[in-house]
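From a predicted model like this one, the values you see are computed outputs, not experimental measurements.
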Amino acid sequence: MNTKYIFVTGGVVSSLGKGIISSSLARLLLSRGYRVTIQKFDPYINIDPGTLNPYEHGECYVTDDGHEADLDLGHYERFTDIRTSRANNVTTGRIYQTVIDKERRGDYLGKTVQIIPHITDEIKRNVKLLGKTGDYDFVITEIGGTVGDIESTPFLEAVRQLKWELGRDALFIHLTYVPYLHAAKELKTKPTQHSVKMLQSVGIQPDILVLRTEKELPQQMLHKVGKFTNVAPEAVIQSIDQPTIYQVPLRMHEQHLDDIVIRLTGADPRPEPDFSAWNAFLHKLATARKVVRIGLVGKYVELQDAYKSISESLMQAATHLDHKVEIIYIHSEKLSEENVAKNLEPLDGVIIAPGFGQRGIEGKFIAIRWCREHDVPTFGICLGMQCMVIEFARNVLGLENANSTEMDTKTPHNVIDLMEEQKSISNMGGTMRLGAYKCRLRPGSKAAAAYGSDEIMERHRHRFEFNDDFRADFEKAGMLCVGENPDTHLVEVVEIPEKRWFIGTQYHPEYRSTVLNPNPIFLSFMKAAIDFSDSKNSSR
């Protein structure tokens with residue numbers, strides 16, 4: 001069958017959950033045996049989110065092929081187990097850069113370069129390219145922002161054109177908000193009507209409406225919305241707040257979203273979705289009674305989207321081990337020798353979060369030392385791993401003022417240093433060590449036991465690395481370099497085997513953890529935290 005293209009737009013307000021609806025539909029179609037992928041078009045002019053501060057945009061997600069992407073790609077992968085790539089996330093900046101590069105090369109033969117057709121043609125090319133290269137049945141494309149934003153206009157025009165070109169092989173889903181006014185005790189559909197009229201004003205008629213709401217909408221209200229928006233009543237679907245986002249695919253299936261999409265696009269019919277594994281996960285999530293308390297030490301804790309993949313990975317691992325996880329976010333800038341015990345003593349395990357820059361770094365050293373000396377299961381990720389190395393150098397090896405040259409260019413003991421290939425780089429965007437690389441684990445190490453393998457592949461996002469000149473000193477003192485890249489010998493995993501669980505990874509394992517397949521090292525860390533919790537409870 002021809003590839004079907006589904007475009008998901010949003011109106012009224014941002015953050016309604018277009019990414020969750022897109023991911024849920026993908027999960028439904030995948031569970032019926034279709035080949036599916038998702039892409040995100042972001043209307044900002046940055047080339048990618050790699051140079052965006054987490055306060056601006058939340059977590060920067062990294063794909064296998066080394067693309068720095070929007071955090072919605074993390075939702076896509078966690079829901080679907082699909083490995084995304086550079087083709088799955090496109091920004092306005094990247095579209096414009098490509099068109100300008102073509103103009104500079106003379107590809108347009110001296111013609112005037114304009115939004116229409118040149119920018120819109122480039123957007124359309126990116127949509128159809130993903131469908132052609134992947135041999136997919138469905139390509140779901142989420143348009144970032146809200147209808148009416150100036151920035152989104154070229155994307156809406158491009159997908160409007162695609163609808164006319166593709167006919168029945170294209171379909172529009174529009175997500176809007178139905179607010180509940182507490183003072184009047186009424187649900188209001190007027191914002192949805194205005195949002196659809198704005199979409200219609202740019203030439204797009206939605207085929208399906210998904211109404212985000214905090215309260216259940218009566219059936220007559222759904223029919224009313226359908227009449228006012230020219231959408232069939234059965235294609236007006238409500239998305240009520242759920243205890244967990246992972247229940248959304250089931251709620252969408254109950255309202256036949258996948259059936260409607262299959263019917264409207266004329267896709268070959270497939271059996272009902274197989275939700276056995278998904279339901280088993282949800283059952284564990286709902287019935288788990290024991291709680292494991294994990295502290296996450298970082299400098300962006302007031303914005304929890306900055307650590308979205310880590311928090312989701314912890315939840316997935318705990319659920320698979322029949323526990324609920326309580327994540328306590330600890331601001332590293334506010335940690336001191338005086339309050340560290342009060343903050344960390346109640347915890348069963350501690351994550352030392354990734355990040356960049358000097359701010360909050362000393363608090364991470366304080367947390368690591370306390371965890372190491374009190375034998376609390378501790379997991380350092382990227383900068384967190386580097387902080388483990390620095391703390392060990394200072395307090396075990398006795399290397400006073402040991403540091404990373406990222407924090408102190410004049411440190412006498414540069415146990416973490418800028419990677420050699422990074423030293424000549426001046427542009428910051430897209431130039432780090434990015435994407436999936438092989439890692440060889442030392443047989444018999446806790447890291448190898450966690451993965452059940454000596455050869456793994458994980459994703460990276462960093463410029464600085466363990467300084468191999470110090471490897472022998474660390475090994476002799478008890479911090480072992482148990483994982484390295486087989487080609488460059490870059491140290492990627494350190495651990496202290498005499499501790500319950502004290503491991504740091506230069507890579508980001510959270511990027512490869514999904515609902516149905518939690519990352520093995522998160523499972524191992526969570527099991528150690530649960531065992532530690534049990535041992536504390538049994539000794540009371």
query = Between Y34 and Y136, is the ring centre distance below 6.0 Å?
reply = no
key: Salt bridge flag under 4.0 Å for residues R471 and E484   = yes
ask   = Does the side chain of L25 come within less than 4.5 Å of F138's, by heavy atoms?
value = no
request  = Taking the side chain as every heavy atom from C-beta outward, state whether I245 and R78 have any atom pair closer than 4.5 Å.
outcome  = no
note = Interatomic distance, CG@L335 vs CG@L344, rounded to 0.5 Å, equals 6.0 Å
request  = With the side chain counted from C-beta on, respond yes when H331 and E302 share a heavy-atom pair under 4.5 Å apart, and no when they do not.
outcome  = yes
W501 and S524: side chain donor to acceptor below 3.5 Å = yes
task = Could you go through the side chain to side chain contact (heavy atoms under 4.5 Å, CB included) check for T405 and F464 one step at a time?
result = CA-CA 8 Å; T405 50; F464 293 80; 3.5 Å; yes
request  = Test D64 against R459 for salt bridge (Lys or Arg N to Asp or Glu O under 4.0 Å), laying out the working first.
outcome  = CA-CA 6 Å; D64 271 355; R459 299 179 197 177; 2.7 Å; yes
query = With a 4.0 Å cut-off, would you call R105 and D107 a salt bridge?
reply = yes
task = Please lay out, stage by stage, how F392 and I390 fare under the test side chain to side chain contact (heavy atoms under 4.5 Å, CB included).
result = CA-CA 5 Å; F392 194 87; I390 294 165; over 6 Å; no
ask   = So does E333 pair up with K299, basic N to acidic O under 4.0 Å?
value = no
request  = Classify the side-chain pair E59/Y300 by whether it contains a donor and acceptor separated by less than 3.5 Å.
outcome  = no
key: From D72, T84, N89, residue fulfilling side-chain hydrogen bond (donor to acceptor under 3.5 Å, both in side chains) relative to K40   = D72
Any side-chain donor near an acceptor of the partner, R512 and N519, under 3.5 Å = no
task = Answer yes or no: is there a side-chain heavy-atom contact under 4.5 Å between I330 and V301?
result = no
key: Residues R293, E326: salt bridge by 4.0 Å N-O rule   = yes
query = Is the distance between the ring centroids of W370 and F365 less than 6.0 Å?
reply = no
task = Please determine, by modelled atom types, if T514 and D81 share a side-chain donor-acceptor pair under 3.5 angstrom.
result = yes
query = Is there a donor in the side chain of N414 and an acceptor in the side chain of T411, or the other way round, less than 3.5 Å apart?
reply = no
query = Can L296 and I328 be said to form a side chain to side chain contact (heavy atoms under 4.5 Å, CB included), step by step?
reply = CA-CA 6 Å; L296 191 150; I328 294 89; over 6 Å; no
task = Report yes if the distance between the aromatic ring centroids of F281 and H320 is under 6.0 Å, otherwise no.
result = yes
message = We want to know whether T141 and Q39 form a side-chain donor-acceptor pair, criterion being a heavy-atom distance below 3.5 angstrom.
response = yes
ask   = In Å, rounded to the nearest 0.5 Å, how long is the span from CD of E492 to OH of Y507?
value = 7.5 Å
task = Answer yes if the ring centres of Y61 and Y511 are under 6.0 angstrom apart, and no otherwise.
result = yes
note = Separation between CG (D417) and CD (E465), nearest 0.5 Å, reads 7.5 Å
query = Does the separation of the ring centres of F379 and F522 fall below 6.0 angstrom?
reply = yes
ask   = Is a side-chain donor-acceptor pair under 3.5 Å present for T37 with N88?
value = yes
query = Hey, are the side chains of E458 and H508 touching, using non-hydrogen atoms and a 4.5 Å cut-off?
reply = no
message = What I want to find out is whether D487 reaches K438 closely enough, with some N-O distance under 4.0 Å, to be called a salt bridge.
response = no
ask   = Are the side chains of I496 and R372 in touch, meaning some heavy atoms are under 4.5 Å apart?
value = yes
key: Distance (rounded to the nearest 0.5 Å) between N126 CG and T98 OG1   = 7.0 Å
inquiry  = Are H374 and E345 packed together at the side-chain level, in the sense that at least one heavy-atom pair is separated by less than 4.5 angstrom?
reply    = no
query = Going by heavy atoms in the side chains, are S309 and E312 under 4.5 Å from each other?
reply = no
task = Given side chain to side chain contact (heavy atoms under 4.5 Å, CB included), test F275 with R27 step by step and report yes or no.
result = CA-CA 9 Å; F275 267 125; R27 178 72 265 164; 4.1 Å; yes
